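Step one of this worksheet: look at the structure below.
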Amino acid sequence: MKHKLILYTFLSSLATFLATYLLVFATHYDKIQFSFFYTFFLPGLLICCIFSILFALSYWQIVERFFTTHVRSITSFERIDLIESWKKIIDHYEGTIHHLKMTNQFTLSLMNQLTEGVLIFNQERKIVFTNQAFEKMLNDPVLLLEKHTWEVLTSYRLNEQIDQVIDTQQPAEGEFELHPETPKYLFYKVLPLSNFIIQKDKAEYLLILQDLTHLRKLEKVRTEFVSNVSHELKSPIAAIMGFSETLTTESLSPEKQTKYLKIIEKNAQKMSTIIQDLLILSRLENVHQLSKESFVLKDLLEEAINICRSEAQQKEIQLILNIDPQTLQLKGNPSLLLQVFRNLIENAIRYSPSQTKVEMIAQKISHTIHIQIQDQGYGIPAHEKERIFERFYRLDKSHSGDLSSGSGLGLSIVKHIMLLHQGSVSVDSKPGVGSTFHLQFPSSEL
């Protein structure tokens, strides 16, 4: 191939020289003597030969260096065909560019699937890349590229940490709170990148954000739950210990002994109720598959009424049942739904004055079953209606009468059971008039 290159270069130079010589010879034919051939033609021909050889060798060294350095794996240099080799090189780099584009699309798609927010910024603190999770965490749909980190990150602590990482080139991590109105707790990690990702001429840094808001809420719920359980158990335990100590250390009349023993029994029963309800809630939260069967709704409601009848009679409260039609059927777990009906009826009796009535209405509307439990009780203030389904939440005594009985978990159990049946529970109430609890079962449960 080297010899061909020298030959082609020589022929090109010779053709150029001959064309120039013939042009001069044709235009000055009458003035040119024979000695001109020896004076100009032969030296010019020699210069063409030397120039073509030197040019070919120099160009060949450039080609050899290029093929040896860059394309040795693409084409063979020993049997090089420039046209064929260039075709192979072009095909190779087109394939490489296509692969890089696909890799870039895959990386971008992968980054957008992450739940962690990712931001890359340069030495000047200008943002060069963000993923969707990062923009979502900041609630900022506007494009963030080319903005300064101070414009996007409002946390003074985080910006201070970014400055420290840029100065020391050491990673930093921690937590900060965003949006004081609706607190959002974020974990951050800032670190310098050892390899350039976006720009090759400037140092780049990576910021990773992880939303801890849900975790912090769970921790708060856990803390409140432990506190509530401790509070609920503290009173009966103190009563049991106090009266037990009195019984063992003092000489009491049989009447007082009986009275104190009944107090101990009552508080022990309260503790037992709380523990049983907690166990029920724990089992409900770990149920993955619920066994269901079809049953006549009237039979289950009557069973719940019979369980609560003695408590209603003590307060002279009338229990009324209205079902349309009488053969109305529901598909679900009878034992769990009995717990729902029983809890709601007991609450209606407990928080109603004497000589009132509690009415249960069940009817089929379209493809949905609606069950209402109405009382004429003390009612629920508007600001407390959303919280009554929380664990251990108790109404203000001034609005709800005696709160000495019950575990404070009944409505929370009702809500969990309804969720397991893909149903819903809600309440309408007016203080001094009464409350109506609405149970709704979707068509899939019929």
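Please read these numbers as outputs of a predicted model, since none were measured by experiment.
- The aromatic rings of His421 and Phe441 stand perpendicular to each other, their planes meeting at an angle above 60°, with 30° marking the opposite boundary.
- A distance of 6.0 Å or more separates the ring centres of Tyr351 and Tyr378.
- Considering every non-hydrogen atom in both Arg125 and Asn159, the closest pair reads NH2-OD1, 2.6 Å.
- Counting non-hydrogen atoms of neighbouring residues, nucleotides and ligands closer than 6.0 angstrom, the NZ atom of Lys315 exceeds 12 such neighbours.
- Contact between Pro171 and Val165 at its shortest, heavy atoms only, is C-CG2, 4.4 Å.
- The nearest pair of heavy atoms linking Leu337 to Leu330 is CD1-CD2, 3.7 Å.
- Residues His438 and Thr436 have side chains in contact (heavy-atom distance under 4.5 Å, counting atoms from C-beta outward).
- Side-chain atoms of Ile317 and Lys357, non-hydrogen and from C-beta on, never get closer than 4.5 Å to each other.
- Counting only distance, with no hydrogens or angles, the side chain of Thr168 and the backbone of Gln164 share a donor-acceptor pair below 3.5 Å.
- With sequence neighbours left out, the side-chain contact (heavy atoms from CB on, under 4.5 Å) criterion links Glu116 to Leu114, Ile208, Gln210.
- At most 12 non-hydrogen atoms from other residues, nucleotides or ligands lie less than 6.0 angstrom from CD of Glu265.
- Contact check for Asn333 versus Ser291: side-chain heavy atoms found under the 4.5 Å cut-off.
- In terms of the salt bridge (charged side-chain N to carboxylate O under 4.0 Å, His left out) criterion, residue partners of Glu175 (sequence neighbours excluded) are, by chain and number, Arg216.
- Proximity of a side-chain donor or acceptor of Ser354 to a complementary backbone N or O of Glu316 within less than 3.5 Å is not detected.
- Annotation: side chain of Lys184 is in contact with side chain of Asp211 (closest heavy-atom distance under 4.5 Å).
- The backbone N or O of Ala268 lies less than 3.5 Å from no partner atom in the side chain of Ser272, so there is not a single donor-acceptor pair.
- Ser253 and Gln257 share no donor-acceptor pair across their side chains, judged by distance under 3.5 Å alone.
- Using a 3.5 Å distance cut-off with no hydrogens or angles, the side chains of Tyr260 and Glu250 do not pair a donor with an acceptor.
- When the side-chain contact (heavy atoms from CB on, under 4.5 Å) test is applied to Arg342, the partners found at least two apart in sequence or on another chain are Ile307, Cys308, Glu346.
- Looking only at side-chain heavy atoms (C-beta outward), Ile264 and Leu247 come within less than 4.5 Å of each other.
- A donor atom on one side chain and an acceptor atom on the other are not found under 3.5 Å apart for Asn306 and Glu302.
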